[in-house]
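Read the structure below first, then the notes.
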Amino acid sequence: MNSTGQSNLSARARLPRGRRCWARAECWLVPLAVLLSITLPHLSQGDWRGDAGWYSAIALQAWRTGELWTLHAEPGQFYFNKPPLAFWIHGLFLHALGPGIGAARLPTVLASCGCVIATIGIARQWLPRWPGLLAGVILALTYEFFRRNREISLDLWQLMFMLGAVWLVAIAVRRDRIGPALLAGIPLGLALLCKPLVALAALPMLAIWLLWAGPARRAWWLLLTGLVAIAVAAPWHISMAMIHGPAFTSQYFGAEIAARAAGEAVGGQLEPKPVWFYFELLISTYWPWLAVVAGACWAVLRSQRRPSPPLFTLGVVWTLAWLALFTVFADRRPRYALPLYPGLAWIAAVGLASGAFAGLRPALRAWMKWAAPAALAAGVIFAALPVRVQRGPDPQWPAFFEWVKLHAPDGVRDGAFAGAPAARMYLETGRWPGATRDRRERMIGEPSEGDLLAYHRRGGRSPGPNETVEFEAGDLKVTRLGPGGWKPELTGDPGER
């Protein structure tokens, strides 16, 4: 140990015991305090937007019915799009706390806290306490990271488990022990139970890092990590293929992976985003940290030390590899970029720990002293203020549910109301719309004369000639079927507004 490290240890030993405990804990608690002060206030505001309502209904139904292994959407419809782990977690909260927006989002906050903790833990393998703390704060204050707490984010759960695996690999490398590398397969396998296959990409990225930064002879450990991960994730995947056969494999590996990779329109995105989408996202949203990352790269490149710091090379490999993978993948969305931000935080932390930012250290240390209490106080004050950070539900939905309560006590049928609208109805009333057609437009329940049929603008069908409109508001219509049978018109999905 060098003289600086010895003097730091001796100075810390002279501190009162309470101060010593805080000195060890603040590295972890300050970033969490910052994150929670941003995410928890007014957590229940807003509406079921994006996939949040859809995922919530599927997750809650799984716990209500006990059908946890094979997830279901509307009655009679299997849900094969995603693995079940994140649904189990969110569904448990919704089942225990009730089907509210706050209960749906609370597990996402826990996942983001896990991401921050793992990011700090990885940084602390090579950096002192205060730069490791700053890595966590940088991630917590990244806009495209903390705003995901206002939804159910399968990507955040996947990232949390992937970072747990990277943390264990980093420990294995630092201690030159194979045991943590084997254990890394457990969180990596759990990541595979959050989204299909994506987490496996972490292994070649870590291998590239080890071959570059060393020790390269330990890269083969990652083969064992992968085997353990597959062993964790395989039981669910194999059983689903055995139980459901091509119905599962064609949807899970075909529509969810191959079709998205080919750029087929999914979820209202009528055409793929441009190739430069993620570069534009970083340039427009990753401030002020983009300047810190640039300064860190400059500081490391001009340094006479060789090789580059291991955390810096890990951050560079991790960020550039994910950026390349997401850019090649034709289905491009802001939420997919989440894995970029821990890597950028590591790069920024290395830069802040270098001599290039030495002039900022007194201010940063002073800020660290008061960051946690200031963040918590700001969060409490902000939570108490009668401010709205997210707009409420579109007025069409309260009007629709009030009309259903008064005029359709027996429920409505699915005219063009599947997916997110049907999920919203389940969360509000505890009932799905009566099924009429499956996702392949095959008839599974013929409406009868006098039935009420619900339609949404994006449902792909509009009322036919034998229907009279009973309710209309915004994107929603409810019709009553008259003589002559149900003959809706196909309209396609006009996409998101």
Side-chain angles (χ1 to χ4, degrees), residues 51 55 58 69-71 78-89 111 115 118 148 152-166 168-169 181 184-209 222-264 266-267 269 272 278 317-340 342-343:
D51 291 328
Y55 290 163
I58 294 170
W69 199 250
T70 297
L71 299 176
F78 294 120
Y79 182 76
F80 294 142
N81 293 24
K82 301 290 190 295
L85 181 55
F87 292 90
W88 294 341
I89 298 169
C115 291
R148 297 298 159 200
I152 291 182
S153 176
L154 307 186
D155 298 272
L156 261 178
W157 283 108
Q158 175 184 253
L159 178 60
M160 186 195 78
F161 290 122
M162 281 199 302
L163 290 176
V166 175
L168 287 166
V169 170
I186 297 175
L188 191 63
L190 296 177
L192 292 171
L193 289 172
C194 293
K195 294 194 73 176
L197 301 185
V198 176
L200 287 176
L203 293 175
M205 296 177 192
L206 291 172
I208 293 171
W209 167 63
L222 298 174
L223 294 175
L224 302 179
T225 304
L227 291 176
V228 174
I230 292 171
V232 170
W236 180 83
H237 289 83
I238 293 173
S239 68
M240 291 294 287
M242 292 177 64
I243 295 169
H244 302 288
F248 168 73
T249 55
S250 62
Q251 177 65 28
Y252 188 83
F253 296 104
E256 282 300 302
I257 299 176
R260 287 176 181 264
E264 293 185 12
V266 179
Q269 183 174 278
Y278 294 107
V317 170
W318 184 264
T319 303
L320 293 182
W322 282 114
L323 187 60
L325 180 62
F326 293 146
T327 299
V328 171
F329 197 76
D331 183 21
R332 305 180 183 101
R333 299 170 190 264
R335 65 177 182 268
Y336 294 166
L338 279 171
L340 302 179

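Quick note: residue numbers are just sequence positions, from 1.
- Minimum heavy-atom separation, Gly164 to Ala118: N-CB, 4.2 Å.
- Listed by chain and number, the residues in a side chain to side chain contact (heavy atoms under 4.5 Å, CB included) with Leu224 are Ile178, Leu182, Trp220, Leu227 (sequence neighbours excluded).
- To the nearest 0.5 Å, the span separating NE2 on His237 from CD1 on Ile230 amounts to 10.5 Å.
- Phe87 pairs with exactly one of Ile152, Leu71, Leu193 by the side chain to side chain contact (heavy atoms under 4.5 Å, CB included) rule, that one being Leu71.
- For the side chain to side chain contact (heavy atoms under 4.5 Å, CB included) test, residues two or more places apart in sequence or in another chain that qualify with Ala184 are Ala165, Leu168, Val169, Thr225.
- Remark: Phe161 engages no residue in a ring-ring contact (aromatic ring centres under 6.0 Å, His included) (not counting sequence neighbours).
- By the side chain to side chain contact (heavy atoms under 4.5 Å, CB included) test, Ala337 pairs with Tyr278, Leu281, Leu340, Tyr341, sequence neighbours left out.
- In terms of heavy atoms, Arg148 sits closest to Leu156 at CB-CD1, 3.8 Å.
- For residues 234-247, no residue pair satisfies the salt bridge (charged side-chain N to carboxylate O under 4.0 Å, His left out) rule, not counting sequence neighbours.
- The nearest pair of heavy atoms linking Ala86 to Leu154 is CB-CD2, 3.4 Å.
- Sorted by first and then second residue, the salt bridge (charged side-chain N to carboxylate O under 4.0 Å, His left out) pairs with a member in residues 224-250 form an empty list; sequence neighbours excluded.
- The list of salt bridge (charged side-chain N to carboxylate O under 4.0 Å, His left out) pairs with a residue in residues 234-254, not counting sequence neighbours, is empty.
- For Ala199, the side chain to side chain contact (heavy atoms under 4.5 Å, CB included) partners at least two apart in sequence or on another chain are Met162, Leu188, Ala191, Leu192.
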Determine all donor-acceptor pairs shorter than 3.5 Å in which one atom belongs to a side chain in residues 238-245; sequence neighbours excluded.
| from | atom 1 | to | atom 2 | distance (Å) |
| --- | --- | --- | --- | --- |
| Ser239 | OG | Trp69 | NE1 | 2.7 |
| Ser239 | OG | Pro235 | O | 3.0 |
| Ser239 | OG | Trp236 | O | 2.9 |
| His244 | NE2 | Thr70 | OG1 | 3.1 |

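- Ring geometry, Phe248 versus Phe253: the interplanar angle exceeds 60°, so the pair is classed perpendicular (tilted spans 30 to 60°).
- Smallest separation of non-hydrogen atoms from Pro342 and Pro339: CD-O, 3.4 Å.
- When all heavy atoms of Tyr252 and Lys82 are compared, the closest pair comes out as CE1-C, 4.1 Å.
- To the nearest 0.5 Å, atoms CG (Leu320) and CE (Met205) are separated by 10.0 Å.
- For the pair Cys194 and Pro83, the minimum side-chain heavy-atom distance is 4.5 Å or more.
- Applying the ring-ring contact (aromatic ring centres under 6.0 Å, His included) criterion to Trp322, with sequence neighbours excluded, gives Trp318, Phe326.
- Residue pairs meeting the salt bridge (charged side-chain N to carboxylate O under 4.0 Å, His left out) criterion with at least one partner in residues 187-209, sequence neighbours excluded, are Asp155-Lys195.
- Taking every heavy atom of both residues into account, Leu159 and Leu338 meet most closely at CD2-O, 3.7 Å.
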